[in-house]
Number of protein chains: 2
Amino acid sequence: MATVRRTPLNRDRVLRAAVALADEVGVAGLSMRRLAQQLGVVPMALYKHVADKEELLDGMVDVVIGEFDTPGPGLDWRDGVRARVLSARRAVLRHPWARQAIESRTRRTPTVLAYMNSVAGVLLDGGLSADLTHHVLHALGNRIWGFSPELFDEPRDENAPPPTPEQQQAMAAELSQRYPHILAIAMAATEGDLSRVGPGCDEEFEFRFALDLLLDGAERLRRGGWTSTAADPIATLRD
Amino acid sequence: MATVRRTPLNRDRVLRAAVALADEVGVAGLSMRRLAQQLGVVPMALYKHVADKEELLDGMVDVVIGEFDTPGPGLDWRDGVRARVLSARRAVLRHPWARQAIESRTRRTPTVLAYMNSVAGVLLDGGLSADLTHHVLHALGNRIWGFSPELFDEPRDENAPPPTPEQQQAMAAELSQRYPHILAIAMAATEGDLSRVGPGCDEEFEFRFALDLLLDGAERLRRGGWTSTAADPIATLRD
DNA sequence: CCCACCGGTGTACGCCGTACACCTTCGGGA
DNA sequence: TCCCGAAGGTGTACGGCGTACACCGGTGGG
């Protein structure tokens with residue numbers, strides 16, 4: 001009997017299936033065994049296509065980077081960086097696990113290098129010295145991958161019931177006693193309505209704010225002919 | 001016979017042993033079983049003192065935060081933040097696993113809140129509005145914990161032999177072909193001597209550079225009476 | 001025609017976190 | 001004085017994980 005032969009696996013199909021699976025169940029729920037099951041294959045079959053789980057994750061990150069789009073030239077260098085980085089951000093938002101995956105990766109694959117090279121190119125073309133470009137890339141840090149590094153968000157439990165007024169009252173009392181400064185911030189962020197503390201911060205705004213703060217600081221340094229070898233390299237910033 | 005009774009465990013001893021063990025073997029090598037062994041106790045004994053491994057890690061982070069020191073008042077707000085953050089940095093450098101642990105944590109323990117509250121207090125006392133303080137804290141992101149978020153470092157293998165001149169030549173050729181902008185940066189960073197690419201970037205410098213870039217940008221916003229409700233909130237920054 | 005290789009299989013090992021039932025010890029009311 | 005309940009430590013067991021290793025059928029090139 002003509003048992004239909006499955007079209008054979010290959011590295012690309014494995015990676016794309018892994019991305020899809022992670023989109024569903026998160027990076028914590030992604031296991032070699034589960035991925036194999038999803039592909040209708042025995043776990044060890046995967047190892048014909050990726051060396052180990054580390055390499056699988058590297059490959060998955062490469063897939064996400066492949067979704068970044070490269071805006072054409074002709075932009076102010078700051079707009080060029082913004083465009084790249086905000087595109088990265090959109091890709092990372094489509095794959096919520098990507099942030100954690102990127103943070104945990106340490107290998108720099110050719111894809112990763114190519115992306116860094118492209119961002120660096122925008123800075124250099126914009127007139128930043130190689131020196132300044134280097135340090136600005138460091139300053140941007142993970143932001144070039146489209147997410148801010150923070151410990152502030154996330155612990156939001158969607159299924160939790162909204163706080164009752166009494167709970168709000170209690171929280172405000174607790175905050176004002178032990179963490180008055182955090183209370184001040186929360187009040188400002190919610191315009192005094194602590195019940196709106198639920199939705200949390202506007203990540204998009206925070207991301208752009210920090211990005212622009214850094215890019216505009218860099219632009220000021222560029223104009224000032226900044227160099228890292230000066231005695232107080234950052235002094236140019238101080239007026 | 002008088003079998004000597006071990007002094008009983010308690011949460012504090014467990015956490016400190018965990019920190020010590022992680023200092024030795026890293027966070028990846030830290031398992032409940034191994035920690036128990038180190039304490040001369042059966043694995044399940046730990047669960048009388050911490051709910052689960054998550055809570056153990058939260059507690060370990062709290063221990064590290066406990067090592068931050070709080071500089072006295074009387075400093076310029078920027079110096080106040082710098083002092084706190086650089087002290088955090090020293091603590092995190094003493095516990096190399098802490099960075100990863102902090103990044104992976106999502107629960108905000110009272111210790112975490114207290115630290116954030118203290119940093120926020122410095123900003124507010126320095127004359128930043130609650131609004132601006134909020135966004136500046138976001139902009140600083142993980143930097144308030146004493147490390148920069150980056151994908152640039154780490155993959156340095158100490159045991160690897162230094163590259164031979166031929167390898168350097170090959171690397172430079174590869175770089176100049178495929179990643180010319182990265183080459184430019186590497187040349188600038190090593191003053192043209194690519195053999196010094198080994199030691200990597202000066203993390204301390206990069207950290208301070210980014211920190212000051214952000215703090216000085218924030219100071220400029222403060223002076224300009226920045227507010228997030230303006231049409232183009234960041235416009236104050238432009239030239 | 002044969003054989004080497006490629007992709008997939010099956011089994012097994014040693015880790016992991018932790019649920020659950022149990023057992024000792026000890027301090028403090030009745 | 002007795003008892004009892006809590007606190008702290010134990011032992012066993014389960015289900016999951018990544019992956020080493022031996023194997024095996026099909027297929028295409030010499």
Side-chain angles (χ1 to χ4, degrees), chain A residues 1-61 97 100-101 103-107 109, chain B residues 1-61 97 100-101 103-107 109:
Chain A
M1 85 174 87
T3 57
V4 192
R5 297 198 57 65
R6 263 189 300 85
T7 73
L9 246 41
N10 59 42
R11 186 180 158 92
D12 208 65
R13 290 219 307 139
V14 169
L15 292 183
R16 289 217 314 269
V19 166
L21 182 54
D23 284 347
E24 263 182 56
V25 301
V27 73
L30 175 75
S31 74
M32 298 301 274
R33 296 170 123 100
R34 190 151 174 190
L35 175 57
Q37 194 180 10
Q38 197 87 167
L39 285 163
V41 116
V42 92
M44 286 311 291
L46 301 176
Y47 289 85
K48 300 287 180 184
H49 306 282
V50 293
D52 52 20
K53 197 179 180 182
E54 289 282 292
E55 199 191 282
L56 178 77
L57 285 166
D58 284 338
M60 292 170 64
V61 168
W97 49 271
Q100 194 181 331
E103 273 175 346
S104 74
R105 262 21 353 250
T106 128
R107 295 261 306 279
T109 67
Chain B
M1 82 174 94
T3 56
V4 191
R5 298 197 57 67
R6 265 190 297 85
T7 74
L9 247 41
N10 58 43
R11 186 181 159 91
D12 208 64
R13 290 218 309 139
V14 169
L15 292 183
R16 290 217 314 270
V19 166
L21 182 54
D23 284 348
E24 263 182 57
V25 301
V27 73
L30 175 74
S31 73
M32 299 299 274
R33 298 170 122 98
R34 191 152 174 191
L35 175 56
Q37 193 179 10
Q38 197 87 168
L39 285 164
V41 114
V42 93
M44 286 310 294
L46 301 176
Y47 289 85
K48 301 287 182 186
H49 305 282
V50 293
D52 52 19
K53 199 180 180 181
E54 288 282 293
E55 200 191 284
L56 178 76
L57 284 166
D58 284 337
M60 291 170 64
V61 168
W97 50 271
Q100 194 181 331
E103 273 176 344
S104 74
R105 277 343 35 230
T106 126
R107 294 261 306 277
T109 66

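The analysis underlying the following values was restricted to heavy atoms, covering all of them including side chains, and did not include hydrogens, waters or symmetry mates. Because the structure is a prediction, the values reported are computed rather than measured. Chain letters run A, B, ... following the sequence lines, proteins first, then strands; residues in each count from 1.
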[atom1] of [X] versus [atom2] of [N]: gap in Å, rounded?
{"X": "L56(A)", "N": "dC17(D)", "atom1": "CG", "atom2": "P", "result": "14 Å"}
{"X": "R34(B)", "N": "dG14(C)", "atom1": "CZ", "atom2": "P", "result": "17 Å"}
{"X": "D52(B)", "N": "dG17(C)", "atom1": "CG", "atom2": "P", "result": "11 Å"}
{"X": "L9(A)", "N": "dT9(C)", "atom1": "CG", "atom2": "C1'", "result": "13 Å"}
{"X": "Q37(A)", "N": "dG15(D)", "atom1": "CD", "atom2": "P", "result": "16 Å"}
{"X": "Y47(A)", "N": "dG8(C)", "atom1": "OH", "atom2": "C1'", "result": "15 Å"}
{"X": "E54(B)", "N": "dC16(C)", "atom1": "CD", "atom2": "C1'", "result": "14 Å"}
{"X": "L35(A)", "N": "dT19(D)", "atom1": "CG", "atom2": "P", "result": "13 Å"}

Choose from [options] the nucleotide whose nearest atom is closest to any side-chain atom of [X].
{"X": "M32(B)", "options": "dA12(C), dG9(D), dG17(C)", "answer": "dG17(C)"}
{"X": "A45(A)", "options": "dT10(D), dG8(C), dG17(C)", "answer": "dG8(C)"}
{"X": "P8(B)", "options": "dG8(D), dG18(D), dA13(D)", "answer": "dG8(D)"}

- Item | Nearest-nucleotide comparison on DNA chain C, the residue closer to the 5′ end among L46(A) and K48(B) |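 On the 5' side of the pair lies L46(A).
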- Identify whether the distance between the nearest side-chain nitrogen and carboxylate oxygen of E55(B) and R107(B) falls below 4.0 Å.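 Not counted as a salt bridge, because no side-chain N and carboxylate O are separated by less than 4.0 Å.
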- Query: Base, sugar-phosphate alone, or nothing: which one does K53(A) contact when heavy atoms must sit under 4.0 Å apart?
  - Reply: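 Here K53(A) touches the backbone only, sparing every base.
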- Message: Classify M44(A) by what it touches in the nucleic acid, base, sugar-phosphate, or nothing, heavy-atom distance under 4.0 Å.
- Response: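 Base, at least one base heavy atom under 4.0 Å.
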Would you check if [X] and [Y] make a side-chain contact, meaning some heavy-atom pair closer than 4.5 Å?
{"X": "M60(A)", "Y": "V27(A)", "result": "no"}
{"X": "R34(A)", "Y": "V25(A)", "result": "yes"}
{"X": "V14(A)", "Y": "L35(A)", "result": "yes"}
{"X": "R11(A)", "Y": "V50(A)", "result": "yes"}

- Does a distance-only test, which skips hydrogens and angles, find a donor-acceptor pair under 3.5 Å between the side chain of R33(A) and the base of dG16(D)?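 No.
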- Task: Establish, with yes or no, whether the OP1 or OP2 oxygen of dG8(C) is under 4.0 angstrom from a side-chain nitrogen or oxygen of H49(A).
- Result: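 For dG8(C), OP1 or OP2 has a side-chain N or O of H49(A) closer than 4.0 Å.
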